[in-house]
Amino acid sequence: MRLDRWLAHHIGSTRKEVDRVLRAERVTVDGEVVRKGATHITPGTSVVALDGARLEHVERYVVMLHKPAGVVSATKDPHGDPLVVDLVPESVCPRALSPVGRLDKDATGLLLLTDDGDLVHAITHPKRGVTKLYEVRYDGALAADAQHAFETGVVLADGTRCKPARLDLVAPGLAHVTVHEGKYHQVKRMIAAVGAHVTGLHRTRVGPILLDPALPEGEARRLTDAELAALDAVTGRAASEG
Ligand code: URA
């Protein structure tokens, strides 16, 4: 791979900026100063350093964010609202990220972000049926047959039938909802269809990834190798189950 391409990817810069950095003799490959962007390197084997600090070879970034309320799950917002991508510092990921699916602005909890478009597609594709788990606070009384309705497929107000899901009643006004699809405002609309109103929505799981209880709200970290392997196993991108 060309050094300038690799550098642009790893330090989150344009090729022009990379050229400037190279001309300033700030980059070494295997200990030698390199000025030419066309220099061939072997990702993962060549030791590339910027200003003396070794740059880690990262194929793709997958980040777990503990989303707070009031932040939009998007890369742009026409109203200028705060964005989830702005909560990921460069020290966690220097590249542009996209959210994997969405959490409503008022919802909290686990949101994955990545620079790997194939992964976004694999996790969010309806056929994959990736499991999502939500802690749901609600007002009002759920219909007596609400749990059965979830098991057989809730019919939303607009007539859409959801895939079978699970409703576990935890305490008065608190339930756990497990779904295998990602329709717009899905959990809120499912709860409305069985007679109650969601007042709080917190996601704790996406596929095999659990929200890290040690990750404070508003903070992000990269997935561990074990978490990445588990994700690849459910999205069919690895031969073995993780
Ligand atoms: N269901 C919703 O209603 N909102 C979310 O953010 C996620 C699932």
Side-chain angles (χ1 to χ4, degrees), residues 63-79 81-88 97-114 119-143 146-147 149-170 173-212 215 217-220 231 234-235:
V63 167
M64 164 190 302
L65 171 70
H66 186 163
K67 180 192 173 297
V71 183
V72 176
S73 301
T75 53
K76 290 185 209 122
D77 183 69
H79 310 292
D81 281 337
L83 302 171
V84 287
V85 287
D86 295 330
L87 292 177
V88 183
L97 292 170
S98 301
V100 180
R102 276 160 195 274
L103 272 180
D104 292 340
K105 187 175 168 187
D106 59 355
T108 60
L110 174 61
L111 184 71
L112 298 176
L113 298 111
T114 185
L119 184 67
V120 176
H121 185 72
I123 298 179
T124 54
H125 197 286
K127 268 200 192 146
R128 191 75 60 191
V130 167
T131 302
K132 273 133 332 199
L133 177 62
Y134 296 88
E135 286 173 8
V136 182
R137 297 194 178 272
Y138 62 90
D139 275 347
L142 294 169
Q147 284 178 292
F150 268 62
E151 278 162 26
T152 52
V154 169
V155 179
L156 303 177
D158 66 359
T160 308
R161 180 179 286 276
C162 297
K163 283 190 185 162
R166 212 183 136 115
L167 175 67
D168 293 300
L169 305 175
V170 179
L174 177 64
H176 287 171
V177 169
T178 310
V179 296
H180 308 279
E181 55 189 340
K183 298 186 194 306
Y184 182 64
H185 291 333
Q186 175 148 3
V187 174
K188 290 176 183 167
R189 292 197 291 156
M190 289 172 94
I191 293 289
V194 293
H197 171 74
V198 171
T199 57
L201 193 60
H202 180 75
R203 185 157 68 190
T204 56
R205 178 178 162 198
V206 174
I209 309 301
L210 303 177
L211 178 64
D212 183 342
L215 187 67
E217 201 174 68
E219 291 197 14
L231 207 53
V234 298
T235 55

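As the structure lists them, so they are numbered: ligands from 1, and atoms in each ligand from 1. Just so you know, these numbers use all the heavy atoms, side chains as well, and skip hydrogens, waters and symmetry mates.
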Check ion pair Asp77-Lys105 (N to O, under 4.0 angstrom):
no

Find all atoms of ligand 1 within a distance of less than 4.0 Å from any non-hydrogen atom belonging to Leu201, and give their numbers and elements.
1 (N), 2 (C), 3 (O), 4 (N), 5 (C), 6 (O), 7 (C)

Closest non-hydrogen protein atom to atom 7 (C) of ligand 1, residue and atom name please, with distance?
Tyr134 OH, 3.5 Å

Nearest heavy-atom contact between Pro208 and Val234 is CD-CG2, 3.6 Å

Give the atom numbers and elements of ligand 1 that come within less than 4.0 Å of a heavy atom of Leu103.
6 (O)

Test item: Lys163 side-chain N/O and Pro126 main-chain N/O as donor-acceptor pair under 3.5 Å:
yes

Which protein heavy atom lies closest to atom 6 (O) of ligand 1, and at what distance to 0.1 Å?
Asp104 N, 2.6 Å

Between Arg189 and ligand 1, does any nitrogen or oxygen pair lie at a separation below 3.5 Å?
no

Nearest-neighbour protein heavy atom for atom 1 (N) of ligand 1, which is reported as residue plus atom name and distance:
Val187 N, 3.0 Å

Do any N or O atoms from the side chain of Gln147 and from the backbone of Leu167 form a donor-acceptor pair under 3.5 angstrom?
yes

With distance as the sole test, does Thr124 use its side chain to make a donor-acceptor pair with the main-chain N or O of Gly101 at under 3.5 Å?
no

Is any N or O atom of His185, backbone or side chain, closer than 3.5 Å to an N or O atom of ligand 1?
yes

Using a cut-off of 6.0 Å, state whether more than 12 heavy atoms not belonging to Arg189 lie near its atom CZ.
yes

